[in-house]
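This report refers to the structure that appears directly beneath it.
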2 protein chains.
Amino acid sequence: MPTKPIPDIVVGRLPVYLRALSFLAAEGVQTTSSQDLGKRLGISAAQIRKDLSHFGEFGKQGTGYNVNFLREQIRRILKVDREWSIALIGIGDLGRALAHYGGFVDRGFRIVALFDVDPAKIGQRIGELEIMGMDKLAEVVRGRSIQVAMIAVPAAQAHQVAEQCFSVGIKSILNYAPITLQAPEGALVQHTDPVTHLQRMTYYL
Amino acid sequence: MPTKPIPDIVVGRLPVYLRALSFLAAEGVQTTSSQDLGKRLGISAAQIRKDLSHFGEFGKQGTGYNVNFLREQIRRILKVDREWSIALIGIGDLGRALAHYGGFVDRGFRIVALFDVDPAKIGQRIGELEIMGMDKLAEVVRGRSIQVAMIAVPAAQAHQVAEQCFSVGIKSILNYAPITLQAPEGALVQHTDPVTHLQRMTYYL
DNA sequence: TAGATTGTTAATCGATTAACAATC
DNA sequence: TAGATTGTTAATCGATTAACAATC
């Protein structure tokens with residue numbers, strides 16, 4: 001009896017719930033409810049309960065949810081109760097900003113390797129890390145069991161860089177280039193492009 | 001007879017279509033079809049035709065769509081056939097990267113003002129722009145009719161900064177802080193947080 | 001106990017897909 | 001003309017919401 005897969009749209013909301021729970025935990029809040037969370041996130045209470053019910057029972061009638069407990073459960077479900085190593089490819093302005101960003105580590109991710117094609121950049125250091133040429137990608141990805149990459153290269157190069165990543169065993173790519181990439185069978189690509197968000201908003205202005 | 005509002009999920013796909021059409025135009029491609037676009041974007045051809053049908057008829061039976069024509073139509077629908085002025089608030093690593101990013105202008109947006117609370121940063125220049133204190137926000141937003149802001153401040157300050165933006169007349173915020181912000185009636189907030197994307201992917205790993 | 005809130009069911013709502021006449 | 005592709009309708013599929021028994 002194969003279990004029904006969880007809808008991707010539900011999976012996509014879990015990180016948002018997790019973020020809110022971490023915020024509440026940091027504030028010292030012990031308990032929350034689907035209603036309280038829903039109000040904070042602009043989501044209906046019923047939807048939050050329904051979403052969570054795909055994974056188990058985490059609350060108590062009359063009381064709600066223990067913030068730390070639910071947080072730990074979602075961390076486990078999303079597999080961010082560990083640290084994922086990330087390769088960052090493309091060390092321009094955005095790549096540098098990502099390399100400096102301190103918000104990855106306590107949410108389950110650590111950039112452990114930097115890559116660029118520009119010979120002028122190769123060998124430079126950012127913090128602890130040295131920028132490497134793409135010829136080192138296979139070796140580093142395999143050696144450090146990296147499964148996740150972030151791509152911050154120009155649009156014209158993104159497709160080729162993604163191919164290279166997949167060919168050396170990367171399973172997930174977060175793509176910052178403003179172009180839609182195809183993921184091969186068994187791999188995943190997520191896109192993040194500020195302009196698409198802005199354009200979605202101007203429609204309503 | 002009030003027209004039915006276009007589903008937001010459809011509006012959200014238009015920027016993706018536009019991005020693909022701009023790519024094709026740059027490649028010199030004259031004509032495309034719902035099937036071709038769908039293949040490139042990982043979306044069904046039927047969905048693309050259905051989405052476009054909310055706004056009018058843009059294609060020709062047997063031929064498909066003229067790339068430049070459809071591109072112009074979507075630019076018009078999304079209102080990015082003009083240039084929107086943007087205020088960028090929070091000039092840390094990410095804010096700096098956004099300030100340097102060259103990809104806004106040809107897609108309808110221009111950062112025209114930089115703000116930070118740090119006295120050490122106020123007065124510094126990035127390119128043509130000088131970083132200003134938040135006390136100048138109201139004046140600049142009104143003076144330059146700015147309707148869109150990007151917030152790249154730490155999570156702890158994001159809520160307050162957003163309130164300030166809305167209070168001086170900003171209608172749309174693209175929020176880079178890892179926290180969910182509420183938009184007041186008549187305003188819009190879009191969130192962009194790399195970690196939520198990464199966490200969504202690790203679920204499947 | 002009385003009040004609150006969960007997890008779940010069934011109903012509703014909305015989005016996607018399949019199919020096809022129209023027609024370039 | 002023959003082949004291709006649109007725009008649209010109806011059917012299907014899936015997601016959200018409302019309601020409520022269970023129970024803390």
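So that the names make sense, note that chain A is the first sequence line, chain B the second, and so on, each numbered from 1.
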Practice task
In plain terms, say whether A:Arg19 and B:Asp193 are close enough for a salt bridge, that is, a side-chain N and a carboxylate O under 4.0 Å apart.
Solution key: yes
Problem - Protein-nucleotide distance (A:Ile48, atom CD1; C:dT6, atom P), rounded to Å - result: 9 Å
Handout entry: Close side-chain approach of A:Trp84 and A:Ser172, heavy atoms under 4.5 Å
Key = no
Exercise for the section: Could you encode protein contacts along nucleotides 16-24 of chain D as a string, one character per nucleotide from 5' to 3', using B for base contact, S for sugar-phosphate-only contact and - for no contact, with a heavy-atom cut-off of under 4.0 Å? Expected result: SBBB--BBB
Practice task
Starting at atom NE2 of A:His54, determine the distance to atom P of D:dG14, rounded to an integer number of angstrom.
Solution key: 12 Å
Problem - B:Ser34 and B:Arg49: side chain donor to acceptor below 3.5 Å - result: yes
Practice task
Check each of B:Glu27, B:Arg71, B:Arg75 against B:Ser22 using the side-chain hydrogen bond (donor to acceptor under 3.5 Å, both in side chains) test, and report the only one that passes.
Solution key: B:Arg71
Problem - D:dG7 OP1/OP2 closer than 4.0 Å to side-chain N/O of B:Tyr65 - result: yes
Practice task
Just say parallel, tilted or perpendicular for the rings of A:Phe55 and B:Tyr203, cut-offs at 30° and 60°.
Solution key: perpendicular
Practice task
Take atom CD1 of B:Ile6 and atom C1' of C:dG14, then tell me their distance rounded to the nearest Å.
Solution key: 14 Å
Practice task
Give the intermediate values and the outcome of salt bridge (charged side-chain N to carboxylate O under 4.0 Å, His left out) for residues A:Asp51 and A:Arg13.
Solution key: CA-CA 8 Å; A:Asp51 284 354; A:Arg13 279 191 293 261; 2.6 Å; yes
Practice task
Go through B:His100 and B:Ile126 one step at a time and tell me if the side-chain contact (heavy atoms from CB on, under 4.5 Å) criterion holds.
Solution key: CA-CA 8 Å; B:His100 281 115; B:Ile126 296 182; 3.8 Å; yes
Handout entry: Integer-rounded Å distance: D:dA15 P and A:Asp8 CG
Key = 9 Å
Exercise for the section: To the nearest Å, give me how far apart CG (B:Leu52) and C1' (D:dT5) are. Expected result: 13 Å
Problem - NZ/NE/NH1/NH2 to OD/OE distance under 4.0 Å, A:Lys121 and A:Asp116 - result: yes
Completion exercise
Between CG of B:Leu70 and P of D:dG7 the distance, given in whole Å, is 9 Å
Practice task
Quickly work out the A:Asp36 CG to C:dA4 P distance and round it to whole Å.
Solution key: 15 Å
Problem - Student check: side-chain heavy atoms of B:Thr192 and A:Thr192 closer than 4.5 Å - result: yes
Exercise for the section: May I have the distance from A:Glu57 (atom CD) to C:dT5 (atom P), rounded to whole angstrom? Expected result: 18 Å
Exercise for the section: Grab the stems for DNA chain D, please: at least three consecutive Watson-Crick or wobble pairs, both distances below 3.5 Å, written as range with range. Expected result: C:3-24 with D:3-24
